[in-house]
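First comes the structure, then the notes that go with it.
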Amino acid sequence: MRTRPAPRIPARVHATLIIIVAVFALPLMPANAEQPKPVTAAPESPDVIPTLENWEGDDRERHGGEFELTRRSRIIVDAGTDRALDDARRLVHEISAQTGRRLPVVPGSARARAGDIVLTLDTRRADPDDLGDEGYELEIDDVLRITGATETGVFYGTRTILQMLATDDALPMGRSVDVPEYAERGVGVCACYIHISMEWFERLMKDMSYLKLNQLWIEAKVKSDEYPETAFWGYYTKDEIRQLSEMAEKYHITLVPEINSPGHMDPYLENYPELQLEDRSGERQPSRLDITEDAAFDFLTGLIDEALQVWDAPYWHMGADEYMLGSEYANFPQILEYAQERFGPDATPQDAFVDFVNRINAHVQGQGKKLRIWNDGLAGENTVPLDPDIVVEHWDGRERILTPSELLDQGHRVMNASYALYLVRGGFMTDTQALYEQDWTPLVFENETLTEPHDDVTGAKITMWPDNGRGHTENEVEEQAFMPLRHIALATWGGPKPSETYAEFVALAEAIGRAPGWDDGDRQPLPEGTYALADAVTGDRLAPVAAEDGGHVVFASGSAATWDLLPTDDGYYRLRADGTELCMNITEGRRYLNVPLESGAPFTLTPCSTAADAKTQRWQVIDDGKGELRVVNAISQLPVARNGDGLAVQVPPDVQEPVVLSASG
């Protein structure tokens, strides 16, 4: 949850504070930067994103030679691994969605014939100077061949073919050895406070894989059995996390889970006041963990250990940002006392902070994980060095913060997570056109542009934050991310620009579209009209208590209440009580990031509105295919349930079974 109070001075917003973000100028590359302008792809190069690193057209193509799928085409999988076969079977469905042709899969090294696609795993080509972990060789003649040193390399080659088939059934003959420039090509999603649906994550990962993006950072709370009082809102069940891990495996994506700490910890600390940092006036801070207490360290590592039981990921991200957001160490004198007791009279409060990070690093290393943190807590005021094996994600470019060069000199691997790449609900949106026209690369950080590549610059990612949770719906965020995702894929893979102008880049992206099967569900399963919505078990109708502003909604026996379903442009509905101008809403209960997320909060009636501040009136209607529906608020992502008094309320679905409704027009 990041915001920027003034140009080039980023800071994340506190969980209970909403700040409308002003538009600021994107960081331009300094005049003395020696970064070469990217080459534009040759006109005959296939239209794909990211572009092919190199493309050698075949002379036969210039004389009409093309590759086409036929009724006899097959997918030959010369790999011998279960994962490669699974990928090939999914490719069958994807090609069918693109072309209507359903190709059989043939395992083994069968003799290829014209029109076949041959997928080959050649581990001898794993040298970084050849294909490495993710590169592939593409050869298109009478037979289309994709060779990779790993299953991921082969998979990425199939993404290129799918994009080519999106615009033309006949593929040009030629060859390319396509290898990414950066190891980490990422997306970040703060599923913190505001729940984000599993369906949305599936669509995101499918879109990412289509673009060869390989890393997804997720800040999300896992419902804890060890610390049950942390599960009061905004959590994911362990089964849901296992599902996310399975999705990531399917799409060749590395997950980076986070519990933000020791700041921004109010999603966990609300019911643990004894672990909250206390200021000089004796007031406890629900967002700050007391790093001077052993019990606080044990609490955090206990949460981490439990979460790592279900996250399948090589990394752990502890956040470590904005611990002093809205305050300063001087307001917490016990931190300086603690640091001096441990590290001597010259120690600073930041030594206590860095030591805490190092201790977490040692703990997650014991779990076989690598630690990552944000950069803004590193102001160079510490005498205790930060462990050099910690990966630092650089987003904050304030003058006092260590520069990427300084972090690299200290031995850290550094990821570019610049504020210029942010998508903030209800706030700042990255200017993708400006970045494209500036020839932005991962070497352009917030406070420094590196003049030459560095082996320890890992790549870059865009990051999505929910600072104003009701500012946009999930579907709107999805659309807003369409071009930023394609730009970050282009910039991190490292191929040539596909076009001179941004307008041409947009046209190419729209022509290629999203991955085949990206959205298999109908987001508006019911046509506009008037419906009775009734509990599928009891038959009690969903009904307004009173046709007046502020009235509640109940499940009433014998009611004749009906609702007008009004489709919205972003794929949801408004539910208007028939005969009124009042719509079902969620306005009561405690708010987090401007959204009522409290479990058990009742649904209310408010004047129907399409205004930007009325997004909580939008509802997701999910059809089970049997005429029964689940109704979920589009912003809180919490479903409709009924309490003991028959009142319609929102609850996490694992606390109480959501009501399944029957609809009749």
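Every heavy atom of this structure was used, including side-chain atoms; hydrogens, water molecules and symmetry mates were not.
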side-chain hydrogen bond (donor to acceptor under 3.5 Å, both in side chains) partners for Arg242, two or more places apart:
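Checked Arg242 against side-chain hydrogen bond (donor to acceptor under 3.5 Å, both in side chains); matches are Asp239.
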Pair [X] + [Y]: basic N to acidic O under 4.0 Å:
X      : Y      : result
Asp624 : Lys626 : no
Arg618 : Glu474 : no
Arg372 : Glu258 : no
Arg514 : Glu478 : no

State yes or no: are the ring centers of [X] and [Y] separated by less than 6.0 Å?
X      : Y      : answer
Phe428 : Tyr419 : yes
Trp563 : Tyr573 : no
Trp217 : Trp374 : yes

Tell me, with the steps shown, if Thr473 and Asp570 meet side-chain hydrogen bond (donor to acceptor under 3.5 Å, both in side chains).
CA-CA 8 Å; Thr473 61; Asp570 55 341; 2.8 Å; yes
Close side-chain approach of [X] to [Y], heavy-atom, < 4.5 Å:
X      : Y      : value
Ile335 : Leu277 : yes
Val595 : Leu593 : no
Leu575 : Val631 : yes
Leu269 : Leu289 : yes
Trp316 : Ile259 : yes
Ile360 : Ile373 : no
Leu421 : Thr463 : no

Is there a donor-acceptor contact under 3.5 Å linking the side chains of Gln617 and Thr606?
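A donor-acceptor contact under 3.5 Å links the two side chains.
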Side chains of His264 and Glu219: donor-acceptor distance under 3.5 Å anywhere?
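Not at all, the side chains of His264 and Glu219 share no donor-acceptor pair under 3.5 Å.
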Checking Val187 against Met464 for the side-chain contact (heavy atoms from CB on, under 4.5 Å) test, could you report, in this order, the C-alpha distance in whole Å, the side-chain angles of both residues, the deciding distance, and whether it holds?
CA-CA 8 Å; Val187 178; Met464 306 181 199; 3.9 Å; yes
Examine Arg486 relative to Phe482 and say whether NZ or CZ is less than 6.0 Å from the centre of the six-membered ring and inside a 45° cone about the ring axis.
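Yes, Arg486 sits over the ring of Phe482.
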Distance to the ring centre below 6.0 angstrom and angle to the axis at most 45 degrees; does that hold for Lys615 and Tyr572?
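No; the conditions do not both hold, so Lys615 does not lie above the ring face of Tyr572.
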